[in-house]
Amino acid sequence: MSSDRYFIFETSAGFCGIAWNEDGIARFQLPTRNADEARRLLLKRTPGAAPAEPTSTIADVVETVRHYFEGAEADFSNLELDLASQDELFRRIYDATRRLRWGQTTTYGALAKEIGSDPRIARDVGQAMAKNPIPLIIPCHRVLAAGGKVGGFSAPGGAASKVRMLRLEGVKLDGDDPAQQSLAL
């Protein structure tokens with residue numbers, strides 16, 4: 001059994017957390033308002049993980065995540081991940097999702113077709129995205145509902161967080177009118 005370690009860090013979007021072991025990155029926590037919340041959410045899905053200083057590889061990932069939330073293009077596709085606890089279908093879905101590049105989106109149905117499955121399996125793709133243990137690094141925010149609609153997002157902030165992440169990447173969504181955005185209440 002792998003021994004998970006974790007590190008909580010601040011970005012311009014809030015506090016994130018990352019957990020890893022000898023097999024790779026096991027969990028990632030998208031930004032929260034404070035370090036305690038990030039730790040609580042990360043440990044909820046990685047019980048028994050111990051706090052640790054990041055390895056040089058993890059320190060590089062942390063810096064890349066910080067740059068990402070500042071709007072700099074980031075590529076996480078070559079990182080080693082620990083997805084051993086995921087079933088075969090979810091691993092295939094995550095592998096296909098990792099091929100999405102900065103600013104590139106797809107839909108649940110298109111992703112289902114890409115992995116060679118019946119497009120009706122799009123619900124399974126949606127479930128895989130909702131249960132994604134390593135969001136951002138497995139860029140589930142780039143997977144949209146049919147017709148390019150945002151769809152759900154199970155991270156703190158919900159779909160609004162997904163929209164903010166896509167905007168960082170220059171993605172303009174239907175109904176994404178800057179004039180309307182300035183009237184936020």
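Because the structure is a prediction, the values reported are computed rather than measured.
The backbone N or O of A49 sits nowhere less than 3.5 Å from a side-chain atom of T46 that would complete a donor-acceptor pair. Using modelled atom types, no side-chain atom of T64 and backbone atom of A74 make a donor-acceptor pair closer than 3.5 Å. Remark: side-chain polar atoms of T106 are not paired, donor with acceptor, to backbone N or O of V143 under 3.5 angstrom. A donor-acceptor pair under 3.5 Å links the side-chain atoms of Q104 to the main chain of R101, judged by distance alone. Although no hydrogens or angles enter the test, the distance criterion places a donor-acceptor pair under 3.5 Å between the side chain of R98 and the main chain of F76. T107 places no side-chain N or O within 3.5 Å of a backbone atom of A146 that could act as its donor or acceptor partner. No donor-acceptor distance shorter than 3.5 angstrom exists from the side chain of R5 to the backbone of E53, with no hydrogens or angles considered.
Proximity of I58 to T55: side-chain heavy atoms (C-beta onward) are separated by under 4.5 Å at one or more points. Residues L89 and I115 are in side-chain contact: their nearest non-hydrogen atoms beyond the backbone lie under 4.5 Å apart. P156 places a side-chain heavy atom less than 4.5 Å from the side chain of L41. The closest side-chain heavy-atom distance from I137 to V61 is below 4.5 Å. Side-chain contact between F9 and R66 is present, with at least one heavy-atom pair separated by less than 4.5 Å. Using a 4.5 Å heavy-atom threshold, the side chains of S3 and N21 count as separate. Counting heavy atoms from C-beta on, the side chains of S161 and L30 never come closer than 4.5 Å. Proximity of T105 to L173: side-chain heavy atoms (C-beta onward) are nowhere separated by under 4.5 Å.
The two residues M129 and C140 make their nearest non-hydrogen contact at SD-CB, 3.4 Å. Closest approach of A96 to E114, counting heavy atoms only: CB-OE2, 4.0 Å. The shortest heavy-atom contact between S154 and A130 is OG-O, 3.0 Å. Residues T11 and C16 share a closest heavy-atom pair of CG2-SG, 3.9 Å. Between I25 and I134, the shortest heavy-atom distance links the atoms O-CD1, 3.2 Å. Of all heavy-atom pairs between A122 and A112, the closest is N-CB, 4.0 Å.
Among residue pairs with one or both ends in residues 136-153, those qualifying as side-chain hydrogen bond (donor to acceptor under 3.5 Å, both in side chains) are Y68-H141, H141-E169, R142-E169; sequence neighbours excluded. Among residues at least two apart or in separate chains, there is no side-chain hydrogen bond (donor to acceptor under 3.5 Å, both in side chains) pair with a member in residues 121-140. Here side-chain hydrogen bond (donor to acceptor under 3.5 Å, both in side chains) pairs that include residues 24-37, with residues two or more places apart or in two chains, are D36-R39.
Here the CG-CZ distance, from D4 to R45, works out to 13.0 Å after rounding to the nearest 0.5 Å. Atoms CD and CZ, on E10 and F15 in that order, are 3.5 Å from each other to the nearest 0.5 Å. Rounded to the nearest 0.5 Å, atoms CG (L42) and CZ (R40) are 11.5 Å apart.
More than 12 non-hydrogen atoms from other residues, nucleotides or ligands lie less than 6.0 angstrom from CD of E88.
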Report task. Check step by step if side-chain contact (heavy atoms from CB on, under 4.5 Å) holds for L166 and L144. Result -> CA-CA 11 Å; L166 290 169; L144 304 172; 3.9 Å; yes
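In this pair, F90 and Y94 present their aromatic rings perpendicular. The plane angle is above 60°, beyond the 30 to 60° band.
Residues D95 and R99 are paired through a salt bridge, judged by an N-O separation under 4.0 Å between the basic side chain and the carboxylate.
Two different hydrophobic clusters hold I8 and F69 under the rule that ILVMFWY side chains link at heavy-atom gaps under 4.5 Å. There is no path of hydrophobic side-chain contacts, each under 4.5 Å, that joins V150 to Y108. The same ILVMFWY cluster, assembled from side-chain heavy atoms under 4.5 Å apart, contains both F153 and F28. Residues L81 and Y6 fall into different hydrophobic clusters, defined by Ile, Leu, Val, Met, Phe, Trp and Tyr side chains chained together at heavy-atom separations under 4.5 Å. Note on L79: it clusters hydrophobically with L136, by side-chain heavy-atom contacts below 4.5 Å among ILVMFWY residues.
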